[in-house]
Number of protein chains: 2
Amino acid sequence: MDIKTVCLGLLTFGEASGYEIKKLFEDGTFNGVFDASFGSIYPALTRLAEEGLVIAREEEQHGRPDKKVYALTPAGHARFVASLVAGIQPDRVRSEFSMAMIFAHLLPEATAQSYIDQHLAETRDALRRLDVADQDPGSQMPNLKFAIGLGRARLQAGMEFMERHRHMIGLAAVAPAPGGQG
Amino acid sequence: MDIKTVCLGLLTFGEASGYEIKKLFEDGTFNGVFDASFGSIYPALTRLAEEGLVIAREEEQHGRPDKKVYALTPAGHARFVASLVAGIQPDRVRSEFSMAMIFAHLLPEATAQSYIDQHLAETRDALRRLDVADQDPGSQMPNLKFAIGLGRARLQAGMEFMERHRHMIGLAAVAPAPGGQG
DNA sequence: ACGAATTTATATCGGAACGATATATGCTCG
DNA sequence: CGAGCATATATCGTTCCGATATAAATTCGT
């Protein structure tokens, strides 16, 4: 699923600017689900407008820069649904934290432990954001509750595991040396 | 953390070819931690060799194409440790499945349910691969056990949540319509 | 009160990464 | 005996990211 398709999806919930779409990735229900940079979002919206899948409207603001608000066209809505029905790809994770843990024997124990603290803090932040999204009266649809609940379950389980097992990081590997020579 | 750095990390466990590195992302401990395509791995290894961070060795094989086996140099090892100590970025997730659930109201219920079945199957596969990695006598280091256990905890929690709450998908949203005008 | 930093807002450019494709070889299965 | 699959590397066009530029207003510290 490319960025253009994701933008179409977000716009099914109502019109938005590029900046607001980026905020949705960081704060709301989509935190931990998808992410994209400004460098992808703005060109994506421009191309979608060229293809007639969204329409742009310039909105003048007082006390803030003007913004370009995009709204879905019927063709855009149809395109999004078609791409969803066509199938989905497996989830992709890129966890620098897990990488750091796998290679924890190569770094000072204090560094590894600080990475755990850092990751716990990020996880708590993400949980808090999901709680806010869960309370939001605009998120009462069962499928939204499901997606939020799934994110919560995974984060919670990861947090509990880290708290219970963080003592494993920093332990030297006691290799039994089966042959006994050494 | 770019692909070059990840390749350096994998090579701290021993020499490997580009093809074998790709397999590590799919089968082993690194499943669900990181991923990269051949189109990134091969150029990355070429550049690392140019920089003197790895050395390449051509290995002739009978009944198979020759392979280029790469091994870490001391400079490569130092570079990897330095980049790990320099700090890590937050985890990134790209879940087309969660996207599909968020927009489940736009697709046929049978499609949404089949996506859940598909995702459950993928999760079970991933859990099985982690179990194999956990049993591997080469994975007895506590930090490896920690990384594998963390992955297991998250996958397990997600699976249990999906099984317990999948009935939420397909329920029509009963909007109370506070104003009453429709 | 005044400059600094932050927030809101869009655009672009170079480089990194992906996905598809090409090439080559041998094995397995029907 | 041909089709398809596993092993193995390489490359190319497209997409995407990260950094940077621009701009206007608000907030914050001193």
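Every chain is numbered from 1, with letters handed out A, B, ... down the list of sequences. For the numbers below, each heavy atom of this structure counts, side chains included, while hydrogens, waters and symmetry mates do not.
- At whole-Å resolution of the value, CG in B:Leu48 and C1' in C:dA17 are 15 Å apart.
- Between the CD atom of B:Glu96 and the C1' atom of C:dC18 there is a distance of 14 Å, given to the nearest Å.
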Each nucleotide in nucleotides 6-18 of chain D should get exactly one letter: B, S or -. Can you fill that in based on protein heavy atoms under 4.0 Å?
SBBBBB----SBB

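- Using a cutoff of 4.0 Å between basic side-chain nitrogens and carboxylate oxygens, B:Glu26 and B:Arg129 are not scored as salt-bridged.
- Aromatic ring centroids of A:His119 and A:Phe97 lie under 6.0 Å apart.
- In this structure A:Gln118 satisfies the side-chain hydrogen bond (donor to acceptor under 3.5 Å, both in side chains) test with no other residue, sequence neighbours excluded.
- Panel note: side chain B:Thr111, backbone A:Val85; no donor-acceptor pair is recorded below 3.5 Å.
- Apart from A:Phe38 itself, the hydrophobic cluster it occupies contains A:Tyr19, A:Tyr42, where clustering links Ile, Leu, Val, Met, Phe, Trp and Tyr at side-chain heavy-atom distances under 4.5 Å.
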